[in-house]
Amino acid sequence: SIAATLHTFGRFYAAQKSCLSSLVFVETKGSGFDEGALNAITAARKISGPVVAVVAGSEADAVAKAIAKIEGVSKVVVAKDAAYDHALPETTATLLKALQEKEGATHIFAPHTAAGKNVMPRLAALLDSQQISDVISVESEDTFMRPVYAGNAIATVQSSDPIRVITVRTTAFPAATASASASAAEEAAPAVDAQALSKWIKEDMAKSDRPDLATAKRVVSGGRAVKSAEGFQIIYDLADKLGAGVGASRAAVDAGYCDNSLQVGQTGRIVAPELYIGIGISGAIQHLAGMKDSKVIVAINKDADAPIFQIADYGLVGDLFTIVPELIEKL
Ligand code: FAD
């Protein structure tokens, strides 16, 4: 209709006319926050213009204090309200939409985490914008790179939407850091009338004393070759010697050798630690999609032709049940 065309044109014109500016969604976790926001801030800084962080939840004021000290953040908008706890998409997307309008933001960033993947599509729909997901590079204000086909090809995407809704692959951008000189202004978010269409009930988290897989500097992963849940113990033992997080291939998870929260790959976690040790893992593309950006890759496999050796920096050919106990002893 003419009205709809005028509306679309009006939004487009408004966005073109205004200067560039970005909102970054920070997921609060009580008085803490998901650190993927720090990577999203780095991505947002590639767009010229101010970077406004959005912090929402019952302890948003405490989180806002920490975010205000992050270099590159121009302002922190604080929505201190329990309705925003657990980042339910209906309430959070409505808040972000209201703030996009208030701030005239041209870009809205979130990390490509469970919460980011939950909230941002809804926001994109509310803004009538095509979301750009899992970006690994910000080339310009309208052009982004993202992996496709499990990382086997990289698509360069140019967006003609006036407002760009973007999730970022956290391992592709360094985390923004706190700086003594940084002190962004804090501002209360306007009250937003959001319909609570869903309710948070509970979460069951796998508890572990080991470093979290997503942020661990070292990761030791086991594959099908460990043969059993008892056999997987050797992976934990080596990881503990190295202070490493523990990962696994899907074959190891499907066989019940370890918890599925440990799965690394296309349908698991994406990690890029400084050191990744893959033990008894063949190196299927779906596994590589989750770890090939690791800085140093070590593979232990009895088959010298296993594909994982093609991307490994160091390879040990031999039986893991001989090599790994020796490694543990030497360490
Ligand atoms: P295998 O491929 O069976 O490899 C075992 C390796 O151990 C072999 O290379 C063998 O030489 C070696 N070995 C055997 N015995 C020993 C020994 N004693 N000492 C040393 N080495 C030994 N996989 C993932 O990992 N993550 C994902 O997210 C994922 N997502 C998928 C999504 C889709 C849609 C599909 C179709 C598949 C996905 N997969 C994923 C599965 C993937 O294709 C592979 O099947 C899986 O990664 C294989 O796991 P593996 O390397 O442990 O087992």
Side-chain angles (χ1 to χ4, degrees), residues 23-44 51-73 75-96 99 108-123 134 166-171 173-178 182 184 186-189 192 194 196 198-217 219 245-246 259-263 268-273:
L23 292 182
V24 177
F25 167 58
V26 179
E27 180 195 356
T28 61
K29 295 189 164 182
S31 58
F33 63 94
D34 182 278
E35 293 194 355
L38 301 175
N39 310 89
I41 288 169
T42 301
V51 174
V52 177
V54 180
V55 180
S58 48
E59 295 181 64
D61 43 354
V63 178
K65 297 259 168 316
I67 297 292
K69 294 196 183 80
I70 302 296
E71 199 155 9
V73 174
K75 183 164 81 174
V76 186
V77 177
V78 192
K80 186 174 157 61
D81 188 333
Y84 297 121
D85 285 346
H86 312 294
L88 293 177
E90 294 87 359
T91 43
T92 309
T94 312
L95 172 70
L96 288 169
L99 291 172
I108 305 150
F109 287 89
H112 195 68
T113 52
K117 285 188 269 186
N118 207 7
V119 168
M120 297 299 262
R122 194 172 190 92
L123 174 65
D134 203 16
I166 299 152
T167 62
V168 306
R169 182 172 289 205
T170 53
T171 53
F173 297 90
T177 50
E186 291 171 40
E187 187 181 291
V192 175
S198 62
K199 193 165 89 182
W200 186 85
I201 310 248
K202 66 170 181 133
E203 67 186 358
D204 290 314
M205 299 286 281
K207 288 191 187 70
S208 169
D209 296 333
R210 297 188 174 87
D212 179 53
L213 192 50
T215 49
K217 294 207 172 349
V219 171
V246 173
D259 191 79
N260 66 5
S261 62
L262 304 189
Q263 185 172 318
R269 309 285 285 275
I270 292 172
V271 300

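For the single chain, residues carry numbers from 1 onward in sequence order. On a predicted model such as this, the values are computed, not experimentally measured, just so you know.
- Taken from CG in Leu23 to CG in Leu95, the straight-line distance is 9.5 Å, to the nearest 0.5 Å.
- Ala110 approaches Gly116 most closely through the heavy-atom pair CB-CA, 4.3 Å.
- Nearest heavy-atom pair, Val51 versus Gly72, reported as atom, atom and distance to 0.1 Å: CB-O, 3.5 Å.
- Asp134 pairs by the salt bridge (charged side-chain N to carboxylate O under 4.0 Å, His left out) definition with Arg169, not counting sequence neighbours.
- Minimum heavy-atom separation, Ala175 to Asn39: N-ND2, 3.5 Å.
- A search for salt bridge (charged side-chain N to carboxylate O under 4.0 Å, His left out) contacts involving Arg122 returns nothing, not counting sequence neighbours.
- Every pair passing salt bridge (charged side-chain N to carboxylate O under 4.0 Å, His left out) that includes a residue from residues 56-67 is listed here, sequence neighbours excluded: Asp61-Lys80, Lys65-Glu186.
- Between atom CH2 of residue Trp200 and atom CG of residue Leu88 there is a gap of 9.5 Å, rounded to the nearest 0.5 Å.
- Here the CG atom belonging to Leu213 is positioned 11.0 Å from the CD1 atom belonging to Ile270, to the nearest 0.5 angstrom.
- By the side chain to side chain donor-acceptor pair (under 3.5 Å) test, Ser261 is found to be paired with Asp259, residues two or more places apart in sequence or in another chain being considered.
- Residue Lys75 holds its NZ atom at 15.5 Å from CD1 of Ile67, rounded to the nearest 0.5 Å.
- In this structure, the separation between CG on Asn260 and CZ on Arg269 is 10.5 Å, given to the nearest 0.5 Å.
- The side-chain heavy atoms of Phe33 and Val55, taken from C-beta on, include no pair separated by under 4.5 Å.
- Under the side-chain contact (heavy atoms from CB on, under 4.5 Å) rule, Phe109 has a single partner from Thr42, Ile166, Ile41, which is Ile166.
- Counting only residues at least two apart or on different chains, the salt bridge (charged side-chain N to carboxylate O under 4.0 Å, His left out) pairs with a member in residues 26-35 are Lys29-Asp34.
- Residues meeting the side chain to side chain donor-acceptor pair (under 3.5 Å) test with Ser198, sequence neighbours left out: Glu90.
- Scanning both residues, Ala176 and Ile70, for their nearest heavy atoms gives CB-CG2, 3.6 Å.
- Across all non-hydrogen atoms, the minimal contact from Ser31 to Ala62 is CB-CB, 4.2 Å.
- Taking CZ of Phe25 as the start and OG1 of Thr167 as the end, the distance is 12.5 Å to the nearest 0.5 Å.
- What you find for Val76 and Ala184 is that their closest heavy atoms are CG2-CB, 4.2 Å.
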